[in-house]
Amino acid sequence: MDTSIQKHYFSTHLLTWYRRHRRDLPWRRSRNPYYIWISEVMLQQTRVDTVIPYFHRFIERFPTMESLADAPEEDVLKLWEGLGYYSRARNLQGAIREVQERYAGKVPDTLEEISTLKGVGPYTAGAVLSIAYNKPEPAVDGNVMRVLSRYFLIEEDIMKPKTRSIMEKLAKELIPEGAAGDFNQALMELGAMVCTPRSPHCLTCPVMEHCSARDAGMEEELPVKKKAKPPRPEYRIAAIIEGSGDNAGKVLIRQRPQEGLLARMWELPHAEVPFTYEAQEQTVLQAIPASISLLTDQLAEETIGVCPERWFMKAEHTFSHIHWDMQVVVCSLEPSVLSTSSGMLMPSRYQWVDSSMMEQFAFPNVFLKLLNRYFQEKQMS
DNA sequence: AAGACGGGGCA
DNA sequence: TGCCCAGTCTT
């Protein structure tokens, strides 16, 4: 097979297929670079079906770059709640502010300029430039690498930066004259709808005829990808601290540190329990009393005296690099502390909330689900 | 080059 | 329940 014929066939057939079969997605109804940008950032590591409602809410609350630039960060974080990788939201707002100041409110249309913006890497730069401005830049994401590795039978490990640069060069060559935006979206659409990770739908593929992996019976083996390391386990103990008096019906939450995991999000007070990796389930359960004192000691250092009342539930949550195994215990405030905890001594990163106040604070999903379940059960009883 | 950084879907 | 998905920034 002559490679140049194979490439030309791919580009023309894929583009034609896309223009007939493209899904009607919210961000495809606009050429507004700002909206395209938001959608591309949300779509990083996130499925289309998940992003759609977030996208609608986001552009309704922040219809213009100016509105996003002027918003408090916590509002942006709240709109991102549950979407994950929260630095995406902070970087997006920071970059939008940069566009307001440095580029007179116009999203840059050159690779050099747009790539300097926070959170805009090679993929997002190419996606915005091609989709919003029809510039012939490649936009290589996981879908694209899967499609190209199969069609051209590329057996390099796609996790390697070198493979990525090979893919970018190839993807750029394939862009048909004047159709960068549609072609780049066509590549991703094919990867999402037809050339799927497992059991690709070759029989409906518009470019099956010249697909090298299909010819070689290799479509299920590609792309080659080194497996990620399993997440390390962490054992944690969390407290649902019930208020009394003025705070009756409320529980205590706190804000996470400025940097690191789930930065600036709100959570239930909790502590890591220093068990070894070898700790068995039984050992952990038996160790709950010791874990509780570990947590209450930490809270006492913050002038919050609590008393464990009852076990609530176990909660597990897996991040890409950490697995949390968390026991959740309902606590009351110690009476002796009650009289002195009227606000002056409570650190400001702590906050009493009830069910109706949840919308004022952004929580990671693991705590959002826990709190909703707690408030729901309390309402039942 | 390797690790940090969330959350969800599928078999 | 276990496996898969995978952009950008930092170290």
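A note on names: the letters A, B, ... follow the listed sequences, proteins ahead of strands, and every chain is numbered from 1.
- Checking each of A:F55, A:Y54, A:Y35 against A:W27 for a ring pair (Phe, Tyr, Trp, His ring centres under 6.0 Å) leaves exactly one that passes, namely A:F55.
- A straight line from CG of A:L222 to P of C:dC4 spans 15 Å, rounded to a whole angstrom.
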Given protein heavy atoms under 4.0 Å, the one-letter contact record of nucleotides 2-11 of chain B, with B base, S sugar-phosphate only and - none, is simply SSSBBBSB--
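- Between the side chain of A:R264 and the main chain of A:Q258, a donor-acceptor pair closer than 3.5 Å is present.
- Remark: the separation of the C1' atoms in C:dG7 and B:dC10 is 22 Å, to the nearest Å.
- Proximity of residues 125-145 of chain A to DNA chain C (heavy atom under 4.0 angstrom from any strand atom) is restricted to A:D141, A:G142, A:N143.
- Residue A:E156 contributes atom CD, which lies 13 Å from atom P of B:dA1 at whole-angstrom precision.
- A:Y85 forms part of no hydrophobic cluster, judged by ILVMFWY side-chain heavy-atom separations under 4.5 Å.
- Between A:F367 and A:H270, the two ring planes are tilted [angle within 30° to 60°].
- The CG atom of A:L43 sits 15 Å away from the C1' atom of C:dT8 (whole-angstrom rounding).
- Applying the salt bridge (Lys or Arg N to Asp or Glu O under 4.0 Å) test to A:K169 and every residue at least two apart in sequence or in another chain returns A:E173.
- B:dG3 and C:dA6 have their C1' atoms separated by 14 Å, given to the nearest Å.
- As a whole-Å value, the separation of A:H323 NE2 from C:dC3 P is 13 Å.
- C:dC5 and B:dC5 are spaced 23 Å apart, taking the P atom of each and rounding to whole Å.
- Applying the ring-ring contact (aromatic ring centres under 6.0 Å, His included) test to A:F361 and every residue at least two apart in sequence or in another chain returns A:W266.
- With sequence neighbours excluded, the residues satisfying side chain to side chain contact (heavy atoms under 4.5 Å, CB included) with A:C211 are A:Y151, A:A213, A:R214.
- Members clustered with A:L294: none, using a 4.5 Å side-chain heavy-atom cutoff among hydrophobic residues.
- The pair A:D157-A:K225 does not count as a salt bridge, with every side-chain nitrogen at least 4.0 angstrom from each carboxylate oxygen.
- Within the structure, every pair that satisfies the salt bridge (charged side-chain N to carboxylate O under 4.0 Å, His left out) test and touches residues 346-370 of chain A, not counting sequence neighbours, is listed here: A:E302-A:R349.
- Spacing between atom CE of A:M42 and atom C1' of C:dT8 amounts to 17 Å, rounded to whole angstrom units.
- A:R88 meets the side chain to side chain donor-acceptor pair (under 3.5 Å) test with A:T46; sequence neighbours excluded.
- Take A:D24 and apply the salt bridge (Lys or Arg N to Asp or Glu O under 4.0 Å) test, not counting sequence neighbours, and it matches A:R29.
- Within residues 160-167 of chain A, the residues that place at least one heavy atom under 4.0 Å from DNA chain B are, in residue-number order, A:P161.
- For the C1' atoms, the distance linking C:dC4 with B:dG6 amounts to 15 Å, nearest Å.
- For A:K227, taking side-chain heavy atoms from C-beta onward, the closest of the listed nucleotides C:dA6, C:dT8, C:dC4 is C:dC4.
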- Worked verdict on A:T296 versus A:S293 for side-chain hydrogen bond (donor to acceptor under 3.5 Å, both in side chains): CA-CA 5 Å; A:T296 54; A:S293 4; 5.3 Å; no
What pairs of nitrogen or oxygen atoms, one from the protein and one from nucleotides 9-11 of chain C, lie under 3.5 Å apart?
residue, atom, partner, partner atom, Å
C:dC9, OP1, A:G119, N, 2.6

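- The aromatic rings of A:F319 and A:H317 sit perpendicular to each other, their planes meeting at more than 60°, with 30° as the lower class boundary.
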